[in-house]
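Working notes for the structure below.
The chains referred to below are lettered A, B, ... by the order of the sequence lines, with proteins before strands, and numbering in each begins at 1.
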There are 2 protein chains.
Amino acid sequence: MDKLNLMTSFIAVAEEGSFTAAANRLGKTKALISTHISQLEDLLKVRLLIRSTRSMQITSEGQSYYEQAKKILDDIVTLEAQLLHESQSLVGRLRISAPTTFGELVLMPCIAELTSANPELEIELLLNDRFVDLISEGFDVALRVGNLADSSLIARPAGFTKMILCASPEFIEHYGEPESIHQLADLPCVFDTNHRQAGSWSFTQDKQIVEVKPYITVRVNSALASANMARTGRVIAYCPEFSVHAMLEKGELISLLPHENKSQIPVNVIYPHRQHLSSRVTTFTQHFIDYWHRITG
Amino acid sequence: MDKLNLMTSFIAVAEEGSFTAAANRLGKTKALISTHISQLEDLLKVRLLIRSTRSMQITSEGQSYYEQAKKILDDIVTLEAQLLHESQSLVGRLRISAPTTFGELVLMPCIAELTSANPELEIELLLNDRFVDLISEGFDVALRVGNLADSSLIARPAGFTKMILCASPEFIEHYGEPESIHQLADLPCVFDTNHRQAGSWSFTQDKQIVEVKPYITVRVNSALASANMARTGRVIAYCPEFSVHAMLEKGELISLLPHENKSQIPVNVIYPHRQHLSSRVTTFTQHFIDYWHRITG
DNA sequence: CTCATTGTTTAGTATTATTTAACAATAAGA
DNA sequence: TCTTATTGTTAAATAATACTAAACAATGAG
């Protein structure tokens, strides 16, 4: 028994003053309205309407019920409209999880654009390279660089980032520029432990994936830290393009063997569910993907 | 789709923190809870809960919906309890319709007892000898003296009143006491036009109904008026016992042929419906019936 | 790694909602 | 006064849905 249906029927009858008119208003039959009123009266154990075949009169209890029932139905409509508006407007908080370096270098300018366009959007960005459980930590959305583990989470591909093998001019002056990736086994390297394969770097040559074990002198769980290490001139680094972009532009680092390595790693936007995404999430996602395509060409 | 059911399930989940616990609380299966939540989210087009098989988290929209939905369910419970209380207490108005003389002489003392015992009961008594439509004029209850016309109304028999043929001592002194009802055709009479049969009186002799056409000198639509007419000594009257009771006691009127006439007419309590009577109506009805039995013996 | 427990899905069943049609009651019109 | 049209009610039939049971995939605890 759908109580809200019964209430709706009763309100229509009270306002129209007749079962038939109420049935027309609601697009139902008068028979249904009749059973609805009977059910409601049985449920409430109170007579709401006094009716003969021709005339009808609302009881004092019916009048009191009408007023309050109408308010309750209004409250439900208001609640639902407000909730929909809340989820479809760009007001409120958006919790984002992202890898540290990626967040620092890529995401901050992207988010700056978004918030200046939507001042009421509150963004909370948590940068972390450890594994993050989106659901239990209450994130709305996350960015992941690299291949994804199997998961129940939903991924939306945003594009790719090139992997750059690089060193400083001082390093090249001292060791000379390597002519093949296999020389990395003999040259001092810094290793970003955020990479999946422990102790090895993978390159793509002529669409073939080649694994090389570099000579590792330093390990660190940060792409930016390893780029900065390379800038000292002591080591070669293998970093995502975004983390060394500025240093390459300034000439502080130089890309090595750019024609021999076409490695790319995927960038994904992740959310914990697929349905009824708030527009905060969809707006952020779309804006990030646009931004990423803009800066990676 | 019973929206209140969906809301109830969601509230249980939000409070218990798990679908299974919510299902146990409501005595339903977890499968049902799962579909309820999905339906509610589809209905609202908003994600309320973020859930994996093991952990669950309420969204900010879900939290807001929970608080307001809970209030709405509370409002419904409160409304229903209040309505039931309202109809079961003796507070409020009771509109009664009754014949004029009956109301003036019988009902007023009866109602006086009732209101002094229930000070919060407001009684509105409308006395009227014309036909009254209980429903369209909004009466809760009516009293009818005499046989009832066929009707959709509900009648509860309260007892009977004797019909008394009577005249004043002066009348008897002048005309002598009649020895048979058939003499009424020759003696001057006052006729109460509230009687059903126009121009004739019916008597009950040895369980046989006898119709007599009296010699009518005055017609009036009031039993009390016809009794007062008889008290002048000019005419014989035929009245319900309650309307001449006081005059008989004082000796102002004398009952004629009491052993030859056993006519009684029924007294009924009438209401426009049978179900969900307010306790105002049932209390009044019971009190009147008790009172009537007390005064008629 | 196993096991128990979670939420989801599907198919089947039970229940309810709704309509259709026949009905009794009654106000309006002839 | 009689007929007609319209009212609310009822019963039976059907459409819709609520609910369950069972099998499932995912995952945290031991």
Side-chain angles (χ1 to χ4, degrees), chain A residues 1-10 12-14 16-43 47-58 62 131 133-137 149-154 272-275, chain B residues 1-10 12-14 16-43 47-58 62 131 133-137 149-154 272-275:
Chain A
M1 173 188 313
D2 186 340
K3 197 184 286 180
L4 293 180
N5 249 350
L6 306 187
M7 290 165 76
T8 305
S9 292
F10 172 66
V13 170
E16 299 285 339
S18 123
F19 283 36
T20 308
N24 291 336
R25 184 212 270 193
L26 301 176
K28 301 288 163 62
T29 58
K30 59 188 178 170
L32 185 62
I33 304 295
S34 176
T35 60
H36 276 178
I37 300 299
S38 298
Q39 284 182 344
L40 190 57
E41 287 180 333
D42 288 348
L43 180 77
R47 193 83 184 186
L48 299 170
L49 299 168
I50 297 175
R51 47 200 184 275
S52 69
T53 41
R54 256 347 226 214
S55 61
M56 89 174 314
Q57 185 88 2
I58 194 164
F131 171 78
D133 181 347
L134 287 203
I135 294 173
S136 66
E137 299 189 32
D150 285 347
S151 160
S152 63
L153 302 175
I154 311 305
H273 50 81
R274 192 188 307 275
Q275 284 143 354
Chain B
M1 172 189 314
D2 186 341
K3 197 184 284 180
L4 292 180
N5 249 350
L6 306 187
M7 291 164 77
T8 305
S9 292
F10 172 66
V13 170
E16 299 285 340
S18 125
F19 283 36
T20 308
N24 290 338
R25 184 213 270 194
L26 300 176
K28 301 288 162 63
T29 58
K30 60 187 178 172
L32 184 62
I33 304 295
S34 176
T35 58
H36 276 178
I37 301 299
S38 299
Q39 284 182 343
L40 190 56
E41 288 179 332
D42 289 348
L43 180 77
R47 193 82 183 186
L48 299 170
L49 299 167
I50 296 176
R51 45 201 186 274
S52 69
T53 42
R54 256 347 225 214
S55 61
M56 91 173 313
Q57 186 90 2
I58 195 164
F131 172 78
D133 181 349
L134 286 202
I135 294 172
S136 67
E137 301 188 31
D150 284 348
S151 161
S152 62
L153 302 174
I154 312 303
H273 50 81
R274 194 188 305 275
Q275 284 144 355

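Protein atom CD1 of A:I50 is 13 Å distant from nucleotide atom P of D:dT9, rounded to whole Å. A straight line from CD of A:E16 to P of D:dT7 spans 12 Å, rounded to a whole angstrom. The distance from atom CG of A:L26 to atom P of C:dT18 is 10 Å, rounded to the nearest whole Å. If you measure from atom CZ of A:R47 to atom C1' of D:dG8, you get 12 Å, rounded to the nearest angstrom. The separation between B:K28 atom NZ and D:dA18 atom P is 12 Å, rounded to whole Å. Per the geometry, CD1 belonging to A:I154 stands 12 Å off P belonging to D:dA26, to the nearest Å. Rounded to whole Å, atom P of C:dG7 lies 10 Å from atom CG of B:N24. Atom CG of A:D42 is separated from atom P of C:dT16 by 14 Å (rounded to the nearest Å).
B:K30 meets the salt bridge (Lys or Arg N to Asp or Glu O under 4.0 Å) test with no other residue; sequence neighbours excluded. Applying the side chain to side chain contact (heavy atoms under 4.5 Å, CB included) criterion to B:A31, with sequence neighbours excluded, gives B:T29. Legend: residues meeting side chain to side chain donor-acceptor pair (under 3.5 Å) with B:D42, ordered by chain and number and at least two apart, are A:H276. With sequence neighbours excluded, the residues forming a side chain to side chain donor-acceptor pair (under 3.5 Å) with A:E41 are A:R51, listed by chain and number. Residues passing the side chain to side chain donor-acceptor pair (under 3.5 Å) test with A:N24, sequence neighbours excluded: none. Taking B:S34 as the reference, B:F19 meet the side chain to side chain contact (heavy atoms under 4.5 Å, CB included) condition, with sequence neighbours excluded. Judged as a side chain to side chain donor-acceptor pair (under 3.5 Å), and not counting sequence neighbours, A:K28 has no contacts.
For DNA chain D, the residues of residues 30-40 of chain A within the heavy-atom distance limit of 4.0 Å (strictly under) are A:K30, A:A31, A:S34, sorted by number.
Contact check, B:N5 against D:dT17: no side-chain N or O comes under 4.0 Å of OP1 or OP2. Note on B:R51: every side-chain N or O is 4.0 Å or more away from OP1 and OP2 of D:dA26.
Remark: B:S9 OG to B:L4 CG distance equals 11.0 Å, nearest 0.5 Å. A distance of 4.5 Å separates CG of B:L32 from OG1 of B:T35, quoted to the nearest 0.5 Å.
Using a 4.0 Å heavy-atom cutoff across all strands shown, A:M1 reaches sugar-phosphate atoms only and no base atom. Counting non-hydrogen atoms under 4.0 angstrom, B:T20 reaches the backbone sugars and phosphates but no base.
No side-chain heavy atom of B:H36 sits under 4.5 Å from any side-chain heavy atom of B:V13.
An angle of 30°, rounded to 10°, separates the two end axes of the helix from C:dC1-D:dG30 to C:dA30-D:dT1, each defined over five pairs.
Side-chain atoms of A:F19 lie closest to D:dG8 of the nucleotides C:dT8, D:dG8, D:dT20.
Comparing A:G17 and B:D2, the nucleotide of DNA chain D nearest to each residue sits closer to the 5' end for A:G17. Between B:D133 and B:M56, the residue anchored nearer the 5' end of DNA chain C, judged by the nucleotide with its closest heavy atom, is B:M56.
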